[in-house]
Structure formats: C-alpha cells, structure tokens
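Okay, structure first, notes after.
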Amino acid sequence: MRVSKMFMATQREIPADAEIPSHQLMLRAGMIRKVASGIYSFMPIGYRVYRKVENVVREEMDRAGAQELIMPAVLPAEVYMASGRWERFGPEMFRLKDRGGRQFCLGPTHEEPFTEAVRDTIRSYKQLPVTLYQIQHKYRDEKRPRFGIMRCREFVMKDAYSFDCDEAGLDESYKTMYEAYNRIFTRLGLDYTIVDADSGAMGGSGSQEFMVKSEVGEDGICYCDACGYAANEEKAVCVAPDQDAAEMLPVEKIHTPDVKTIEELMGYMNCEPSAFVKTILYNIDGRIVAAMVRGDRDINETKLGNLYDATEMDLASFADVEEITGAKVGFAGPVGLKKQIDVIVDLEVASMKNFIVGACETDYHLKNVNIGRDFEATQIVDIRNLIEGDRCPKCGSPIKMARGVEVGHIFKLGTKYSKALNCIYLDKDGKENTMVMGCYGIGVGRTLAAVIEQYNDEDGIKWPTEIAPYKAIVVPTKVNDEENMGLAEKIYKDLADKGIEVLIDDRNERPGVKFKDADLIGIPVRITVGRRASEGIVEVKYRMTGETAEMTADEAVKVAVDL
RNA sequence: CGGGGUGUAGCGCAGUUGGUAGCGCAUCUGCUUUGGGAGCAGAGGGUCGCACGUUCGAAUCGUGUCACUCCGACCA
C-alpha cells in the first residue's frame with residue numbers, strides 16, 4: 001500500500017475528550033472515529049488490526065474445536081422472554097419496534113438464540129458435546145460509555161456457548177476454552193491474569209475472568225503472591241477475623257446532634273472508625289434490607305445482591321430510611337427499627353463486641369451494642385470488599401490489589417438457560433435430560449485497546465507483530481531523487497511479492513513527518529532509504545525496541561520477511 | 001440516576017461592556033526546503049449545537065432543548 005493513496009489522517013493534537021493512551025492514540029493514528037457516544041467506526045488502519053485480533057481469536061477457537069456461525073443482531077422480544085431477560089435487562093437493552101409494532105431488540109448477548117438453535121437441532125447424547133461461537137456486534141445501552149473502545153454501546157464480542165450432557169462434560173468444555181483463551185492472549189502479547197469472578201446476571205456455578213493489568217482498568221483485582229489466589233474484587237472472599245473476647249458492656253445512648261457521617265462521629269466520640277458499625281439500608285427489588293459493615297469498610301454490593309438474587313438494587317430512598325428507622329438519615333442502626341426487615345451482618349462485624357451504631361433516633365447513637373443480646377442478625381455473611389493487606393482466603397498472606405481490564409470471561413452456566421428454554425437431549429436409556437451449558441466471551445475491541453495500553457510510548461503505538469496493521473514501512477527520504485526512490489520501490493516490491501504486508505511512504509513530505517507517522521501508527525519495522533541509497537545501504541529501525549541498524553537492501557528485506 | 005463542565009472551521013482553542021467571527025495546526029496553490037511533525041507568500045473553509053425570547057442589532061443576555069464529556073453512583 002502506498003501511503004500517498006491511503007485513506008488515513010493522523011493528528012498531531014490530542015483530541016480533548018480522550019482520557020487514556022489507547023483512546024488518544026487510536027484517534028491520533030486515525031484508526032477510529034466516534035459517531036456517537038460509545039459508538040465508533042473503524043478506519044482502514046484500525047480495521048486491519050481489528051481483523052487480526054479477530055483472526056487470532058477465530059483460529060484458536062477453531063483449533064479448540066468450536067464451530068463458528070452467526071446469529072442476527074436484531075432479535076425478536078420473544079427470544080428473551082422465555083428466560084425472563086426481556087424484563088431483566090432493563091434500560092441497558094436497545095429496543096425497537098417494526099412497522100407492525102412488534103418488539104425487537106439489538107442483541108446484548110446471545111445465550112437464548114444459541115440455546116434455541118441447539119434445542120431445535122440436537123436430539124441425542126451422541127451429538128454432544130458441541131461448542132458454537134460467533135464474532136458479532138453486541139448492543140448495550142451502557143450508563144456510561146467510556147475510554148473510547150474500552151466500554152462501548154456497540155461492540156464486537158466473540159461469544160461461545162458449550163452444550164454438554166452433564167457437569168463432567170461441562171468441566172471438559174470449560175477447560176478446553178480456558179486453554180484456548182490462554183493461547184489467544186499469549187499470542188496477542190498481553191500480560192494478563194486469570195481471576196475468579198462473580199457470575200452476576202449470567203447466572204451459573206463458576207466463572208473466571210481474563211484481566212489485563214492496567215492503571216485504567218475498571219475492575220479491581222485482589223491477588224496473593226504467596227499462593228497464586230486471584231479474584232475480582234466483587235468476588236474476593238474475606239476471612240472472618242478472630243472473635244473479640246471482651247465482656248459485653250451495658251448499652252449507652254449518646255447524644256450526637258448533627259453527627260451523620262463516620263468521620264464526624266470519629267471526631268465527636270474520639271474513636272477509630274473501626275469501633276463503629278454502619279447500617280446501610282438498601283432497596284433490593286423493592287424490598288428494604290439493612291446491611292451492616294465495620295465503619296471503615298465498604299459494602300460489596302455484588303455479594304449483598306447475590307444473597308437476594310437481585311436484579312435491581314440501590315440505596316433505600318431517604319423517605320424509606322426515615323420510615324423504617326424512625327429517624328433522619330444518618331442514624332440508622334439495628335436496634336429499634338420500626339419495621340421488621342432483614343438485617344444482614346458482615347462476618348467481621350460478627351466478631352466485634354461493644355460497637356457503636358446509629359440509635360434509630362435522630363441525633364442519637366448507641367454505644368456497646370452486641371449481636372445476640374441487643375439485636376438478631378438475619379444472616380451473618382461476607383458482604384464487604386477485601387482491601388489491600390487483608391488475609392488471603394487461601395493461605396492467609398497479605399492480599400495485594402491491582403486494576404485490570406476484563407478482556408475475557410468464561411462461565412459455567414449450568415442449566416439456567418437450557419432449563420428455561422427446554423433444551424434437552426435423550427440419553428442412552430432414552431430418558432430426557434437437560435443440557436449443561438457454558439459460555440465464553442472475549443471483547444475484541446477492548447482486547448485491541450488493551451494491547452495498545454500495554455504497548456505504547458510517547459511517540460505512539462508499538463504493535464506486536466502478530467496484529468500490526470502492516471509488518472514494515474519503507475520510507476524514502478527523497479521521493480524526487482531517482483536513486484533513492486528507485487531503491488525504495490524495489491524493496492517495497494520485493495516485500496510485496498513475498499506476501500509481506502508493507503507500506504511505502506511515497507508522500508512528498510519531509511522525513512521527519514514520515515518518521516512521526518510511522519511511529520504513531522506503530523509499524524514494527526521501518527526501512528529508511530536515505531543518504532546511503534546509492535551504495536544500496538538502508539537503515540532498519542525496530543519500533544518495539546528502538547534499535548536501528550544499517551544493512552543492504554536485501555538484508556532489510558530478509559529482516560521484514562523473517563519477522 | 002445525581003452533580004459539574006463544554007458545544008465557535010477537519011483537530012485544538014480565543015472571542016472584552018451585545019455591533020454579522022478570529023488564532024494555531026490541518027487543507028489547497030506557488031517558490032524554497034528535505035534524516036525527527038520546515039520557511040515565505042497567497043487561498044479556500046463556519047446556520048457560532050438547535051429552538052424560542054429580549055433587542056434597532058445576539059456567538060455574546062434569558063428560557064427551553066439536544067449532544068458530548070468528567071466526577072460520583074460506597075452515602076447511614
């Protein structure tokens with residue numbers, strides 16, 4: 001490809017609304033264009049890279065025995081109604097109507113259509129197991145699209161679904177995908193971690209996420225260097241501390257006018273935040289629930305929500321809080337609630353004695369409160385976030401925290417969808433059984449962005465060879481000089497003839513401009529034809545390392561071929 | 001969903017007390033230049049997000065609306 005003919009416009013200035021390196025660089029390199037919030041076009045350079053990522057994914061899925069097909073992006077409402085997800089997805093689902101008023105949506109994920117397809121095709125255990133996949137656009141009307149292609153409303157996902165006779169089969173299929181994922185992310189050159197994850201809205205018995213460690217990651221990762229434990233913050237298990245052996249003291253009511261936050265209370269009562277227990281009221285699918293964690297801890301809404309199989313949860317409204325506690329917001333506590341509600345107590349709180357809570361009376365707190373004596377817990381469970389330095393649930397060593405970008409997620413779904421959609425097969429005995437499913441996703445665009453996050457410098461992108469848009473770029477420094485340009489053209493032709501993806505920057509621009517562009521779009525090898533063109537000597541520069549070397553044109557061709 | 005910010009040329013931005021719009025980069029032409037985003041001279045390009053209002057007159061003031069964006073959505 002000739003750069004002079006290429007549909008590409010690089011930009012010198014950083015677009016104002018791009019926050020993270022991958023987003024800025026993709027815009028500057030002219031790889032993508034925003035069409036609306038969270039909706040992007042891929043321009044030629046960007047699309048080349050995108051297709052390469054897609055192909056790595058495709059090759060490894062095929063190698064693992066999965067079969068590719070494609071489902072529609074536009075799906076009728078009924079497809080999601082049997083599983084209950086038409087309602088459950090809520091406002092995240094893009095919905096539309098056809099001219100006859102029938103309801104459709106843009107598919108946010110495809111468990112249902114895949115399950116239907118298998119249900120309608122497979123009758124016998126002899127046809128199982130099977131793993132199907134597609135690389136298809138997904139649509140989710142995200143609350144907050146962010147970071148360019150990282151979190152989009154329209155995005156491309158490779159989603160695979162496995163169907164097995166039983167749990168043991170699922171374990172096998174899952175393992176096969178697990179291995180395929182490792183090959184994919186390794187081939188893409190990513191530094192990633194596999195963490196235990198919450199199965200969330202997908203349901204099911206277990207799942208793991210493939211996380212690319214990155215400052216800009218939206219997920220918190222907890223990991224242990226000592227034993228290798230790694231989990232998403234949402235899922236990371238907290239260990240119950242030792243029981244406080246102190247004697248129970250008599251409850252005291254303390255006047256605390258206008259003291260509503262833990263911080264104010266600390267100052268007022270001259271105590272550490274760990275002496276308090278905060279009682280937070282949630283509205284979980286219309287039901288008000290109290291959750292209690294130590295004053296300096298954070299409630300893990302995922303863990304709490306899972307107790308109730310929640311679809312929607314939020315903090316209770318002020319009105320609800322006042323009605324239930326009989327006090328203004330800020331004085332909620334487990335003692336003296338005006339209505340009978342569930343009180344979920346964090347494991348850690350259960351080990352505490354004589355703590356301070358809101359009194360359910362405006363301007364008062366209670367001191368020396370104890371579980372069992374002063375109030376009853378509905379459940380004592382782990383509902384807080386793990387924090388750096390907490391004990392590892394596996395080996396007890398201090399836990400470390402990092403941020404990560406979730407590029408892949410694998411789930412053991414079990415029979416959630418197969419049961420709902422009646423996806424059954426006949427076993428050896430001619431008996432009907434429900435298929436056991438797994439599902440496996442990779443965000444193609446997000447993975448691409450994650451690669452850039454890990455491979456860039458102040459000059460631009462440094463593509464790993466596997467997914468570089470072109471392997472090499474030939475840069476003649478003087479396009480009007482016959483000798484110079486002639487040699488450049490020869491190298492270009494040699495490489496092209498050998499099937500190497502190569503660019504020639506034949507623009508009548510100053511060398512500096514060409515170098516800047518080559519660096520920005522991140523071509524792995526640059527072959528500069530310059531001063532020593534008459535001797536047949538060129539300069540080879542490696543984008544990844546910055547190394548340069550002078551060599552003959554033929555040697556340079558060989559370098560690019562051998563890449 | 002809550003709060004903030006911003007909408008002026010392809011990109012980044014300026015525009016004073018209201019008087020029909022400017023800078024840098026990019027683009028086009030010419031000459032010079034040619035190893036890290038060149039110089040000079042010239043040129044083209046804007047319903048000032050949209051609507052309504054105030055006014056003799058609105059990019060500027062008011063109201064509404066849309067879009068984009070950031071923070072928060074851990075507060076008891």
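In what follows, chains carry the letters A, B, and so on, assigned in the order in which the sequence lines appear, proteins first and then strands, with residues in each chain numbered from 1. Side chains included, hydrogens not; waters and symmetry mates left out as well; all remaining heavy atoms used.
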How is A/Y282 classified with respect to the nucleic acid when contacts are heavy atoms under 4.0 Å: base, sugar-phosphate, or nothing?
base
Distance criterion of 3.5 Å, no angle test: do you see the side chain of A/R12 paired donor-to-acceptor with the base of B/G36?
no
For A/K278 and A/D459, find the nucleotide of RNA chain B closest to each by heavy atoms; which residue's nucleotide sits nearer the 5' end?
A/D459
Tell me, for nucleotides 2-15 of chain B in 5' to 3' order, what letter each nucleotide earns: B for a base near a protein heavy atom under 4.0 Å, S for only sugar-phosphate near one, - for neither?
---------BSS--
Side chain A/D517 and base B/G37 donor-acceptor under 3.5 Å:
yes
Using atom names, set out every protein N or O paired with an N or O of nucleotides 29-33 of chain B below 3.5 Å, distance rounded to 0.1 Å.
unit_1	atom_1	unit_2	atom_2	d
B/U33	O2	A/R510	NH1	2.9

Remember a base hit wins even if backbone is also touched, and classify A/E19 as base, sugar-phosphate or nothing at under 4.0 Å, heavy atoms.
sugar-phosphate
Indicate, with a heavy-atom threshold strictly under 4.0 Å, whether A/L281 touches base, sugar-phosphate, or nothing.
base
Could you give the distance separating B/C25 and B/G37 at their P atoms, to the nearest angstrom?
14 Å
Please give the distance between the P atoms of B/C50 and B/C11 as a whole number of Å.
15 Å
Base, sugar-phosphate, or nothing: which does A/V321 touch, judged by heavy atoms less than 4.0 Å apart?
base
Separation between the C1' atoms of B/G7 and B/G49, rounded to whole Å:
6 Å
Using a heavy-atom cut-off of 4.0 Å across all strands, would you classify A/T325 as base, sugar-phosphate, or nothing?
nothing
Minimum heavy-atom distance between A/Y282 and A/L304, given as atom pair plus value
CD1-CD2, 3.4 Å
Base, sugar-phosphate alone, or nothing: which one does A/G530 contact when heavy atoms must sit under 4.0 Å apart?
base
Determine the Euclidean distance between corresponding C1' atoms of B/G15 and B/U20; express it in Å to zero decimal places.
14 Å
When we call it a touch if two heavy atoms are under 4.0 Å apart, what does A/D314 touch: a base, just sugar-phosphate, or nothing?
nothing
Look at the side chain of A/K541 against the base of B/G36 and say whether a donor-acceptor pair falls under 3.5 Å; ignore hydrogens and angles.
yes
When you compare the side chains of A/D198 and A/T302, does any donor N or O come within less than 3.5 Å of an acceptor on the partner?
no
Rounding to the closest angstrom, what is the interatomic distance between B/C66 and B/A51 at atom C1'?
10 Å
Give me the distance, rounded to whole Å, that separates B/G46 from B/G10 when you measure between the P atoms they each carry.
8 Å
Given RNA chain B, 5'-ward residue of the pair A/N385 and A/G512, judged by closest heavy atom:
A/G512
Secondary structure of RNA chain B per the Watson-Crick/G-U criterion (both distances under 3.5 Å; [ ] crossing, | other strand, . unpaired) is (((((((..((((.....[..)))).((((((.....)))))).....(((((..]....))))))))))))....
For A/R507, which contact category applies under a 4.0 Å heavy-atom criterion: base, sugar-phosphate, or nothing?
nothing
Indicate, with a heavy-atom threshold strictly under 4.0 Å, whether A/R28 touches base, sugar-phosphate, or nothing.
base
Is there a side-chain polar atom (N or O) of A/S37 under 4.0 Å from OP1 or OP2 of B/U69?
yes
OP1 or OP2 of B/U34 under 4.0 Å from side-chain N/O of A/K514
no
Considering only atom C1', compute the distance from B/G44 to B/G35 and round it to an integer number of Å.
33 Å
